[in-house]
Amino acid sequence: MSTWMMFSFQDSVSPLMEHLIMFHDHSMMIIMMITLIVFYMMISLMVNKFVNRYLLEGQMIELIWTIMPALMLIFIAFPSLRILYLLEETNLPVLTIKSIGHQWYWSYEYSDFNKIEFDSYMKPTNDLEMNDFRLLETDNKIVLPFNTNIRMLFTSSDVIHSWTIPSLGIKVDCSPGRINQGTINISRPGMYFGQCSEICGSNHSFMPICLESINMKSFTNWLILY
Ligand SMILES: [Cu+2]
């Protein structure tokens with residue numbers, strides 16, 4: 001991977017993240033149009049010499065400037081709610097993975113087949129290999145198959161952590177004493193990175209999440225060999 005990749009987010013690899021990006025662009029267009037119109041109006045107010053001596057009873061303009069923002073809010077609210085419900089949806093998961101936050105590392109449990117459990121610590125800078133990402137690589141990666149509905153369960157053993165992989169469009173809080181649920185469906189093979197997203201103590205910045213996505217056949221081999 002090139003050096004420049006380190007300065008940007010990874011590309012989207014899930015249908016949900018694709019939706020989120022579309023929604024971001026959609027609302028950004030609306031915001032930009034509003035900003036431009038407001039700036040144009042402010043500047044034209046300052047530079048022109050028009051006066052309106054009879055500024056009274058403007059029913060029509062008031063109707064317009066009440067309904068227009070309401071309509072715009074509806075255009076933002078409906079797609080936003082749609083994505084919110086899509087993000088919460090879990091449809092027929094093939095696999096369930098449990099992720100537990102600790103101060104300051106993650107541990108994972110694959111309990112569908114044989115009981116697999118492992119801890120995932122950040123690789124120290126001195127142990128990095130060529131092309132490894134500093135502060136993002138872990139000693140044990142989560143291995144998951146792509147094009148598969150996967151249910152993720154999240155909890156914590158101490159304080160609140162937050163399990164995040166931006167390119168999968170997932171961010172779920174891990175609270176002690178309760179289990180939260182999330183869904184992922186990865187579109188491509190590859191390595192995807194994330195970091196704990198809840199300030200959880202002194203080594204909060206050093207508990208990255210590293211996920212490797214492989215095909216189903218390799219995944220079952222991995223399960224058997226583990
Ligand atoms: Cu944390």
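When a ligand or atom number is given, it counts from 1 through the structure's own listing order.
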May I have the step-by-step check of ring-ring contact (aromatic ring centres under 6.0 Å, His included) for Y110 and W222, ending in yes or no? CA-CA 12 Å; Y110 293 59; W222 178 84; 5.2 Å; yes
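For E62, the CD atom sits in a packed shell: over 12 heavy atoms of surrounding residues, nucleotides or ligands are nearer than 6.0 Å. By the 6.0 Å contact criterion, CZ on F113 is enclosed, its count of non-hydrogen atoms from other residues, nucleotides or ligands being greater than 12.
Inter-residue side-chain proximity for N147 and M216 is flagged as unmet; no heavy-atom pair is nearer than 4.5 Å.
Relative orientation of the Y108 and F118 rings is tilted, given thresholds of 30° and 60° on the angle between their planes.
With hydrogens and angles left out, the side-chain atoms of T164 and Q195 include no donor and acceptor closer than 3.5 Å.
Near the Cu ion (ligand 1), less than 2.8 Å away, sit the protein N, O or S atoms H161 ND1, C196 SG, C200 SG, M207 SD.
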